[in-house]
Every structure is written in structure tokens, then in C-alpha cells.
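To start, the structure under review is shown below, and the notes come after it.
Bear in mind the structure is a predicted one, so any value in this text is a computation, not a measurement. Lettering follows sequence order; numbering is per chain, from 1.
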Protein chains: 2
Amino acid sequence: MPKPLHHPKRSQIALSAVLEALSDPIRRVIVQRLSHNGERSCSAFLSYASKTNLSYHLARLRTAGLVRIRPEGTCRMLSLRADDVEARFPGLLRAVLASAGVEGARPARRTRSSRGSSS
Amino acid sequence: MPKPLHHPKRSQIALSAVLEALSDPIRRVIVQRLSHNGERSCSAFLSYASKTNLSYHLARLRTAGLVRIRPEGTCRMLSLRADDVEARFPGLLRAVLASAGVEGARPARRTRSSRGSSS
DNA sequence: GTTGTGGTTCAATAATCATTGAACAAGGGA
DNA sequence: TCCCTTGTTCAATGATTATTGAACCACAAC
């Protein structure tokens, strides 16, 4: 595919764009799987969204600087730009990915001490 | 003011909502100033947005679980729910606030080694 | 060449977001 | 009491988002 597929360089990665990209559950799952399993083809994520919609979400991850997309024959390989993001926003990706796994796990069992805590 | 001003309890704070709330620069500045200076009145942030608009942004921070709003006489006091957010998503707030300060600082001086790197 | 597969682009949609001005509500003085 | 300050709610607006289907493009195999 000829379209240059623009990626922001490390210094251009913006916090707003990164947080916005990570605020979507679908995109967070993609980032998480890339973080665990390394490089994957686009089609590996077709279970999370339709072809067109997936393309949209991947473009958002790419333009935010979270993901690199490399053409390989007829398909495209995705990889997480973990080093770039870590260099720019230290600890951010780690914190989000760690939290993403637990998110919504238990309904926060009502213990005696939490009975009337937070509003 | 009588309206109960709903706050989510700690276990209800959702990652998507937190990231979404923090993805806006205005809201990030507010969170940062609360983190540095502690409790502040709403009106302390009128320099960042109009009265109505500020009320909107504060409501988003509140419903996301990032901020607590407490009526005090004729004004309202804002405080960061740093402990709740930290308990739920460890390291997240720290990472965002640390990065927020540096964001967009230097225009990334073009060194020889960065000349044609990314993208 | 033709066909198939992997992905993107385009146009359209419904929903949400950010921003504004006008109106309203609840204290706290004078 | 009448104001003034602080802040919210409402309605409207323009911009952006997420999602879809149809069309398209590039490569690879036949």
C-alpha cells in the first residue's frame, strides 16, 4: 500500500491524544494484547470490531503515536510504540495497562469497613 | 445548594471515564493545581474557562470520580480524590500529572541523530 | 489477465462533547 | 428587605466521535 501512513515522531506525541486514544475500551484491549504478545497483524483484532471500524480505531492509535503500522506483503503488522510512549510519558502506559486488566473485575464486595465510606 | 451533587464511590470509578476526563487540557490543569495546592474554591479556576463552561468541566471531573465538591457557605470547595484514584488505578494519576507539566515544553531540538528518525 | 484477501477511503448516521448566553437558586451581607 | 456573589440548569449551536455499508486499492496466487 502506497499511502505513507503517517506516524508522529516521538517528540510529537501529545498527552491529550494518548489519553483520548486509551479512553476507549476497544483500543485499550488492542494495546494490551500488543503489549503481551508483541507484533500482530491487523486482522488479529477483527473479533473486537468490524473491518471498517477496526481500521478507524487503529488509525486513531497510530496518529496518537501509540502504535506503529508496517506493511508486510498484503497485510499490515501492528506493534506497540512502548519505548516512545515511555520516554515521553514515563509510567503512563504501565499504569493504564495494569489497571485495564482489573477494571470492572469484582463488584467491590461490601466489607464492613467500606460500608459507608465514599459518597 | 441543595442538589445532592452525586459522587461515584471508589469502586465505581471507571478507567474510561478517568482517562476521558484527563484527556482535556483544561481539566488537566485543574487537577494539577488541586494536586499542588490542595483544596480550592471553584472560582479559583475562572481564568481557564467561563463560569458556565467551568461548571461543565467540574461536573465531568466529579462524575468521573477525580474530584470531590463540598458546599461551604456560598461557594464550593474542590479537592482531588487522589487516594481513591490511586487505590483504584495505582500510578496513573502520578504519571499523568508528571507528564502534564512537561507537555509541549521544548520544541524537541533537532539533533543530528533525530534528523530523520520516526515517521 | 482474473480472482481473492487484507485494508483503506468515502459518505452518511446517531450520539456525545465543548462552548455560549440567559435564566435561575442559595447564601451572605448592606 | 434588596442586592451581590457564587454557582447551577437549560436550550441551542458547532465540532467531534463511533459505527456502518459501499466502493476502492494493492498485493499475491492462479
Original post:
For every nucleotide of nucleotides 15-21 of chain D, 5' to 3': is a protein heavy atom under 4.0 Å from its base (B), only from its sugar-phosphate (S), or from neither (-)?
Top reply: --SBBBB
Euclidean distance, atom [atom1] of residue [X] to atom [atom2] of [N] [Å, nearest integer]:
X	N	atom1	atom2	result
Arg40(A)	dG7(C)	CZ	C1'	19 Å
Leu61(B)	dA18(C)	CG	P	10 Å
Arg28(B)	dA18(C)	CZ	C1'	15 Å
Tyr48(B)	dT19(C)	OH	P	15 Å
Glu72(B)	dA26(C)	CD	C1'	15 Å
Met77(A)	dG6(C)	CE	P	13 Å
Arg70(A)	dG6(C)	CZ	P	17 Å
Leu58(B)	dA18(C)	CG	P	13 Å

Could you list the residues that satisfy side chain to side chain contact (heavy atoms under 4.5 Å, CB included) with [X], not counting sequence neighbours?
X	value
Thr63(A)	none
Arg94(A)	Glu86(A)
Ser55(A)	none
Ser35(A)	Leu80(A), Leu97(A)

Distance below 4.0 Å between [X] side-chain N/O and [N] OP1 or OP2:
X	N	answer
Arg76(A)	dT8(C)	yes
Ser55(A)	dT9(C)	no
Ser41(B)	dT6(D)	no

Subject >> From CZ (Arg62(B)) to NE2 (His7(B)), nearest 0.5 Å >> reply: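 If I round to the nearest 0.5 Å, the distance is 6.0 Å.
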Subject >> Residue Thr74(A), side-chain heavy atoms: nucleotide from dG7(D), dT6(D), dT5(C) that is nearest >> reply: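 Closest nucleotide among those given: dT5(C).
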Original post:
Salt bridge check: are Asp24(B) and Arg60(B) linked by an N-O gap of less than 4.0 Å?
Top reply: no
Subject >> side chain to side chain donor-acceptor pair (under 3.5 Å) against Arg70(A), all qualifying residues, sequence neighbours excluded >> reply: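 Here the qualifying residues are Glu39(A), Glu72(A).
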